[in-house]
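So that the names make sense, note that chain A is the first sequence line, chain B the second, and so on, each numbered from 1.
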Amino acid sequence: MSLLTPLAPTSTLSNNLIIYSSGSIPIIAKELNLKQTVLGGQSFRWIEHNLNEFVGVLGQYVVRLQHQNDNLRYTFFTNSEYEKTFSNDNDRRVETALILHNYFQLTIKLCETFEKWCKIDSRFRKGQIPIGVRILAQQPLENLISFLCSSNNNIQRISKMIKILCEEYGRKIGTLNGMTYYQFPTLDELDRSDLEIRLRELNFGYRARYIKEAVKYIKYTADGGMLFFDRLKTLSTGEARNQLANMMGVSRKIADCVLLMSLGKQDVVPIDTHMYTFAMTYYGLNNENTKKQTLNTLNYNGISSFFEQLWQPLSGWAQAAAFSNEPYSSTNPRDSLQSSMSSLKRSISNDILSEKLFKAIDENNQCQSIKITITLDKLNQKKILTIQPTKEPSKRPRRNVKPIVRF
DNA sequence: ATTCAACCTAGACG
DNA sequence: ACGTCTAGGTTGA
């Protein structure tokens with residue numbers, strides 16, 4: 001008998017999602033770096049299921065994306081209930097392509113913009129900044145709540161919290177390969193009297209209150225409920241920012257994230273602690289306004305407007321790109337390894353692979369290949385992960401090799 | 001006007 | 001096993 005647990009046949013994995021539409025959009029690598037874009041900390045709902053294959057939720061659809069051969073290949077899944085909405089194949093293809101076109105903001109030609117940045121900012125010329133990081137046009141409510149969760153927190157945990165939030169309050173979409181997907185909850189679904197208490201039970205901590213307050217504000221205080229966000233889009237950046245800051249827990253940084261990522265303000269540059277360090281390190285921004293150690297209003301303004309002017313008009317995009325390759329981008333270098341690990345574990349349980357190649361970047365920014373193998377021990381059937389370089393292994397394993405898995 | 005502890009928790013580290 | 005620290009911040013004193 002094999003040591004591997006026999007896999008249930010696909011049918012018993014209760015896949016009740018069907019393919020709604022699939023296709024591909026031609027886009028070159030310079031225009032889209034899919035991984036950095038969906039996993040870089042803008043959205044917290046994408047998972048790398050297999051190498052270079054990402055699954056997430058957009059609206060009522062489960063979406064699978066791959067970028068290869070200058071094509072963004074996509075598959076939209078839905079359950080049979082939604083499926084009736086559009087019966088015409090062509091309508092579906094148009095609908096889904098449009099969703100992605102809007103989400104990735106494909107009318108913006110990143111390639112040309114990047115060349116502009118190279119001319120004005122030498123850091124872009126030096127090849128340290130990845131090309132193809134796009135700003136996603138997200139849904140405002142999801143975007144806001146995600147970033148309310150982000151304070152004193154790390155990407156891994158934020159993702160977990162958002163997942164739990166969707167499972168608790170969102171509408172179920174269906175199951176695919178043993179994973180069940182949920183929509184992001186609507187304002188009404190979140191408007192429950194015990195929201196804060198429940199979120200605290202779910203380990204949201206003090207953020208539970210912020211979320212409750214935000215829901216109440218948008219629904220009952222702001223004029224027009226969800227139309228609030230539409231109205232913000234028509235306001236100037238400054239006015240919209242002030243309106244957002246009326247909500248408990250929304251300070252400048254979170255307001256800026258929402259402005260950039262879901263309200264179409266492409267020039268807004270949010271400054272977090274990492275961006276702050278980044279500014280000090282590479283741009284020497286330690287003058288009168290910014291020399292303070294803590295990130296106060298004054299130096300936030302100073303740094304933000306500096307970058308805004310330097311990189312305009314798509315300065316928010318430049319920030320996302322400039323920041324995405326920083327070692328700071330992961331709190332813990334192991335985060336990204338772990339995410340690849342869990343993706344690997346899923347592969348195993350689906351009987352796809354037991355061994356997989358990754359490219360890892362060490363502390364010298366050198367790329368090397370590593371092989372990750374999963375075996376099961378005989379007694380407990382525990383999974384054992386082994387990692388080894390595919391090149392000649394050094395006699396003594398190097399300490400401090402940061403296993404940042406980026407591919 | 002500025003600074004500073006407190007806030008929740010998971011996971012890494014010693 | 002067990003305490004300490006920190007992580008994409010904000011608030012209120």
Side-chain angles (χ1 to χ4, degrees), chain A residues 36-45 133 135-136 138 143-165 195-214 217 241-242 244-261 268-281 288-304 307 316 319-339 341-342 399-404:
Chain A
Q36 295 281 359
T37 300
V38 299
L39 298 187
Q42 296 183 54
S43 167
F44 301 93
R45 296 210 75 194
V133 179
I135 293 292
L136 300 168
Q138 302 185 63
N143 186 212
L144 173 64
I145 289 178
S146 299
F147 280 87
L148 281 174
C149 292
S150 73
S151 73
N152 269 330
N153 214 343
N154 55 69
I155 293 180
Q156 205 182 331
R157 184 170 163 220
I158 300 166
S159 306
K160 205 165 145 190
M161 288 160 71
I162 295 302
K163 180 169 181 277
I164 288 171
L165 185 80
L195 180 67
E196 180 178 351
I197 294 170
R198 184 63 186 138
L199 289 181
R200 279 184 180 271
E201 285 171 3
L202 295 170
N203 302 330
F204 277 61
Y206 62 89
R207 304 165 194 90
R209 182 178 171 205
Y210 295 165
I211 295 173
K212 179 201 71 178
E213 298 284 349
Y217 182 85
R241 184 184 284 132
N242 287 339
L244 285 167
N246 285 332
M247 281 177 278
M248 163 81 61
V250 179
S251 187
R252 171 80 189 254
K253 191 255 169 177
I254 293 187
D256 282 358
C257 288
V258 175
L259 288 167
L260 172 66
M261 300 174 192
V268 170
V269 182
I271 306 296
D272 55 32
T273 53
H274 301 316
M275 193 64 197
Y276 181 55
T277 311
F278 179 89
M280 296 305 178
T281 310
E288 291 301 311
N289 289 339
T290 59
K291 66 183 171 189
K292 297 288 162 51
Q293 290 251 312
T294 52
L295 188 52
N296 58 31
T297 311
L298 195 58
N299 54 27
Y300 189 112
N301 277 329
I303 295 170
S304 186
F307 286 116
Q319 185 261 16
F323 184 59
S324 65
N325 214 24
E326 278 301 287
Y328 308 112
S329 63
S330 171
T331 304
N332 186 333
R334 274 159 229 218
D335 283 0
S336 47
L337 182 61
Q338 275 185 358
S339 99
M341 286 295 191
S342 34
R399 294 282 277 165
N400 294 330
V401 172
K402 296 180 186 172
I404 300 180

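Side-chain atoms of A/Arg207 come within 3.5 Å of backbone atoms of A/Ser151 as a donor-acceptor pair (strictly under, hydrogens ignored). Within the 3.5 Å criterion, the main-chain N or O of A/Gln42 finds a donor-acceptor partner in the side chain of A/Gln138. With hydrogens and angles disregarded, no donor-acceptor distance shorter than 3.5 Å links the side chain of A/Asn301 to the backbone of A/Leu298.
The side chain of A/Lys253 lies closest to C/dT10, out of B/dT3, C/dT10, B/dC8. The A/Asn154 side chain lies nearest to C/dA7 when the options are B/dT3, C/dG9, C/dA7. Of the candidates B/dT3, B/dA10, C/dT11, the closest approach to any side-chain atom of A/Arg157 belongs to B/dA10.
What separates CG of A/Asp256 from C1' of C/dT10 is a distance of 14 Å, to the nearest Å. Atoms OH (A/Tyr206) and P (B/dA5) sit 16 Å apart, rounded to a whole Å. In this entry the distance linking CG of A/Leu199 with C1' of B/dT9 reads 14 Å, nearest Å. Going from atom CZ of A/Arg241 over to atom C1' of C/dT10 covers 16 Å, rounded to whole Å. One interatomic measurement links the two molecules: CE of A/Met275 to P of C/dG9, which rounds to 14 Å at whole-angstrom precision. For A/Asn153 and C/dT10, the CG to C1' distance is 13 Å, given to the nearest whole Å. Rounded to whole Å, the distance from CD1 on A/Ile211 to P on C/dG9 is 16 Å. Summarising the geometry, the separation between CE on A/Met161 and P on B/dC8 is reported as 12 Å, rounded to the nearest angstrom.
Across the P atoms, B/dG11 and C/dT10 are found 24 Å apart, a figure rounded to whole Å. Between B/dC8 and C/dC2, the distance separating the two P atoms is 25 Å to the nearest Å.
A donor atom on one side chain and an acceptor atom on the other are not found under 3.5 Å apart for A/Arg157 and A/Asn203.
Here A/Asn203 reaches the OP1 or OP2 of B/dA10: one of its side-chain N or O atoms lies under 4.0 Å away. Taking 4.0 angstrom as the limit, A/Lys160 places none of its side-chain polar atoms (N or O) nearer than this to OP1 or OP2 of B/dT9. A close approach under 4.0 Å does occur between a side-chain nitrogen or oxygen of A/Arg200 and OP1 or OP2 of B/dC8. OP1 or OP2 of C/dA7 has not a single side-chain nitrogen or oxygen of A/Ser150 nearer than 4.0 Å.
Ring-centre distance between A/Tyr210 and A/Tyr217: not below the 6.0 Å cut-off.
If you find the closest nucleotide of DNA chain C to A/Asp272 and to A/Tyr210, the one lying nearer the 5' end belongs to A/Asp272. Heavy-atom nearest nucleotides on DNA chain C were determined for A/Gln42 and for A/Met248, and the one closer to the 5' end corresponds to A/Gln42.
Counting any heavy atom pair closer than 4.0 Å across all strands shown, A/Gly41 reaches a base atom. A/Ile158 comes within 4.0 angstrom of nothing in the nucleic acid, heavy atoms only.
Rounded to the nearest 0.5 angstrom, A/Glu196 CD and A/Phe204 CZ are separated by 12.0 Å.
The partner of B/dC8, taking Watson-Crick or G-U wobble pairs whose two distances both stay under 3.5 Å, does not exist in any strand shown.
Judged by atom type and distance alone, A/Tyr300 does not reach the base of C/dG9 through any side-chain donor-acceptor pair under 3.5 Å.
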